[in-house]
Amino acid sequence: MPALVTRDAVGRGLQAVNTGRLEEGLRTLSREARNDRLNGDAQHAYGLGLLAAERFQEAIAQFLRADRLKPDRWQVQQNLSAAYHGLRDYDAAYRTATRSLELNPDNFAMLYHLGDLHLIWGEMVEANAYYERALAINPRHADTWMGKLFALDLIPGVTGGQALAERQRYANAIEQPISRYRLPHRQSREPDRQLRVGFISGDFRDHTAGYMFGPLYEHLDRDQFLVFSYSSVAPEDADSITRWLQSASNGWRQIVGCSTQQVVQAIRADEIDILVDTAGFTNGGHLPVFCAKPAPLQVQAWGYLTGSGLDAMDAILVDDVLVPPEHEHHFSERLVRVPYALGFAINGDVPIIERPEGRPLTFGHLGRSDKVSRDAVRLWARVLHAHPESRMLLKDRGFRMARTQTRIEDWFAEEGVGLDRLDIRGPTPRGEHLATYREVDLVLDSVPQGGGTTTIEALHMGTPVVTMLGPRIIGRIAATTLHAVGHDEWIAANEDEYVQKAAFFAHAGGPHLRDEIVSSVVFDSKARTRAFEAALRELWRNWCRRQSTAASHTKADKK
C-alpha cells in the first residue's frame, strides 16, 4: 500500500515556501512527494516549491509525475509552462500553456503568459490578441497593459490616434484607482532653487537607455540639480555601467522587490521635485509609480518616447523631427522641445577598417529582431531585388530562437528572396557585435519602429543608414539622428524613395561618418545636458507660477 500523504503536511510545506522558509518547506514537500502514489497532489506541491527555488528541471520532473498520476489538470499544465519558461524552453512552455488554456479557457495567467511568449518571438499581432483577452478578464493588470502597449508599437498600420486611445484605456484602468491615494506636495515653491531630480529605471546597466541618459549624470550642474536614482537592476545583474551611474548619483535607492507603494514612499521621503521616466512600457518600467504622482512634476525622456497617456505625466522631451507640430495631438503630455531628444555614449571604440574588395554588396539590420515586421521584410526584399548580387545580414539575440529565425526566413521566401542571400546571426560580445558593421555597406532601417541606438552605432562604425519617415514617433527615431548629423538625404519620404536611396548611398560609408557623428550634438553630452537643465528649470518655474496663482485664487475665494 502507498504511504499516507497528509494534506496538513503539504499545507505546512507550502506555507513555509511562501513565507521565505524555502529549505524547510522543500524538505517537507520532498518527503510527502516520495509517499504520494495516489493522485500526485504532493508531487505538484513539491514542484511548486522547486519552482519557487528556481530549480526548474527538478520542478518539471515533479509536475510530470503529478500529471501521470492524474492527467489533464490545468493547474499542473500551467506550472509546467512556468518551469519550461524558466529554462527558456519557450516551445514547451507554449505547448503546456496552450493545453492549460484548453482545460480552463478563462485562465487569465495563461492568456497573459501566451501573450508574453508571442512577444518574445516577435509575433506582435498574436501577442496583442492574447493580452486583449487577458484584459477582458482582469482589466487592471498593469503588466498585461505594459506588454500590450509595447506590442502595439511594433504592429504596422497602428495610427497615432489609435496608440493614444489605447494609452488612455490604460490610464483609465491603472491610473484612476491609484490616483485616489495621491497626497499634496509640500515642496518649496521657489522657482530658482536647487532641484532634486529622480530617475527611475531598470536600465541602470549595460543597456541602450543607460548609454542615452548616463552622460547627463556626469554633466548636470549639482549646484542646480541633485540626482537620485531608483534602480530595479538586481544586484547580481549590476555591471560597470551600474557602478558608473551609482557613483554619479547623489542618492541611490535599490527598489528590486519593492511594491509600488514602497517606491512611492521612498520618492516622497527623498522630496523629489521632478521624477523622470526613462523606460515607458518596456521591461523595467514603473509607470504605476507615476500614477501615484509622488513628485510635483513628472517627465518622460530618452528611453521610450511614445507617450504614456497618463494624466500624471506632465511632459515628454521631444525634438522637431520626432514630433512635428502636426503630430502633437498624438500625446496627452505637454511636449517640451529640445534640439535633439536622444543621445549616446559609446562604451569603447572599435576601429573602422576598409571594406574588403570583391565581396558582394551587403545590406544589414543589426537591431532587435522584434522590429523586423512583415512590412519591413517586404520593403527590404524590394531593395534586394533591385540588386540581384546583394545579400542581407541580420543579427540579434532574438535569432537564437529557431521559431523567430524561421519566420523571418519564410517571409523573405514569400518575397522571392532565398536563404542563399540571407546571413542571420545571433548575439556576440559587444565589441564583436560592433565589428560586424565592417561587413555591412548600408543599414536598412526597420518599419514601423525604427532604430535608435543601432542608428547611432552604425554611423559611429562608418556605416550609412537609410530610413523612411513614419507617421508616428516610433518611425522617426533614426531620422532625428540622421538630421542631427547632417544627413537628411538619407531620409526617405516613401517606399519608392527608400529603395532608390538604398541603391544610391550604399557606398557612402567610411571613417568620415564617425568624425561627423562625434562632432555633432548626438555626442555632445554637455550641450544636451544644458538643454535638459533648461527644460527642467522652465517646467519647474511654470509649476511654481501655477501654484502661486492657485493659492491666490483660494485666498480671494475665502474673503
Side-chain angles (χ1 to χ4, degrees), residues 14 17-18 39-52 54-155 158 166 169-170 173-174 281 283 369-370 374 398 400-407 410:
L14 287 175
V17 168
N18 293 333
N39 59 19
D41 286 350
Q43 282 95 345
H44 185 208
Y46 184 32
L48 287 173
L50 292 165
L51 187 62
E54 297 187 357
R55 291 161 58 178
F56 299 119
Q57 198 67 60
E58 297 171 76
I60 289 168
Q62 292 301 318
F63 292 142
L64 290 175
R65 286 182 62 196
D67 190 56
R68 284 193 295 271
L69 287 170
K70 187 176 180 182
D72 289 338
R73 283 181 287 181
W74 67 265
Q75 299 95 331
V76 174
Q77 297 298 317
Q78 172 176 308
N79 293 317
L80 256 176
S81 183
Y84 281 126
H85 194 127
L87 290 177
R88 297 187 179 182
D89 185 347
Y90 299 130
D91 291 323
Y94 189 84
R95 183 180 66 252
T96 47
T98 302
R99 180 57 182 153
S100 179
L101 195 63
E102 289 172 352
L103 296 167
N104 179 11
D106 293 327
N107 186 345
F108 166 82
M110 287 300 92
L111 289 168
Y112 169 59
H113 190 196
L114 287 166
D116 276 356
L117 288 169
H118 282 293
L119 194 76
I120 289 169
W121 285 321
E123 298 167 358
M124 299 303 162
V125 172
E126 294 83 355
N128 182 61
Y130 273 112
Y131 288 137
E132 191 63 41
R133 287 176 61 187
L135 289 170
I137 297 171
N138 184 358
R140 301 195 187 282
H141 191 256
D143 286 346
T144 302
W145 275 108
M146 298 281 276
K148 174 183 169 57
L149 292 169
F150 183 83
L152 200 71
D153 285 340
L154 289 155
I155 297 175
V158 175
E166 290 301 293
R169 281 183 62 204
Y170 164 76
I174 304 300
F281 296 106
N283 285 334
S369 58
D370 60 14
R374 185 67 182 84
R400 291 179 300 186
M401 296 177 287
R403 177 170 174 146
T404 299
Q405 180 168 337
T406 299
R407 183 182 73 252
D410 290 346

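Taken from CH2 in W121 to OG1 in T406, the straight-line distance is 12.0 Å, to the nearest 0.5 Å. Within the model, atoms CD1 of I155 and CZ of R374 stand 15.5 Å from one another, a figure rounded to the nearest 0.5 Å. One distance of note links CE of M124 with CG of D370; it measures 4.0 Å at 0.5 Å rounding. Considering OH of Y131 and CD of E126, their distance stands at 12.0 Å, rounded to 0.5 Å. L111 contributes atom CG, which lies 12.0 Å from atom NE2 of H113 (distance to the nearest 0.5 angstrom). Here T98 contributes atom OG1 and L103 contributes atom CG; the two are 11.0 Å apart, rounded to the nearest 0.5 Å.
Closest non-hydrogen pair, L114 versus A97, comes out as CD2-CB, 3.7 Å. The minimum heavy-atom distance linking A127 with A151 is given by the pair CB-CB, 4.4 Å. Summarising the geometry of A59 relative to G47, their closest heavy-atom pair is CB-O, 3.6 Å, with the distance given to 0.1 Å. The two atoms that bring S100 and N107 nearest to each other are OG-ND2, 3.2 Å, heavy atoms only. The heavy-atom pair separating F56 from A83 by the smallest distance is CB-O, 3.7 Å.
Screening D89, T96, L101 for a side-chain contact (heavy atoms from CB on, under 4.5 Å) involving S81 leaves a single residue, T96. Of the residues listed (R68, H44, R73), the one engaging F63 in a side-chain contact (heavy atoms from CB on, under 4.5 Å) is H44, and it is the only one.
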*Output, in order, the C-alpha distance, side-chain angles, deciding distance and verdict of side chain to side chain contact (heavy atoms under 4.5 Å, CB included) for D72 and R99.*
CA-CA 8 Å; D72 289 338; R99 180 57 182 153; 3.1 Å; yes
*Are N138 and Y112 close enough, and set up right, to give a side chain to side chain contact (heavy atoms under 4.5 Å, CB included), and what steps lead you there?*
CA-CA 10 Å; N138 184 358; Y112 169 59; over 6 Å; no
*Could you go step by step and tell me if L117 and H85 meet the side chain to side chain contact (heavy atoms under 4.5 Å, CB included) rule?*
CA-CA 9 Å; L117 288 169; H85 194 127; 3.8 Å; yes
*Evaluation steps, side chain to side chain contact (heavy atoms under 4.5 Å, CB included), between F108 and H141*: CA-CA 10 Å; F108 166 82; H141 191 256; 3.4 Å; yes
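A cation-pi arrangement, defined by a distance under 6.0 Å to the six-membered ring centre and an angle within 45 degrees of its axis, is present between R403 and Y94.
Proximity of D116 to Y90: side-chain heavy atoms (C-beta onward) are nowhere separated by under 4.5 Å. In this structure the side chain of L48 never reaches within 4.5 angstrom of the side chain of Q62, judged on heavy atoms.
Using bins of under 30°, 30° to 60° and over 60° for the plane-to-plane angle, the ring pair Y130/H118 lands in the parallel bin.
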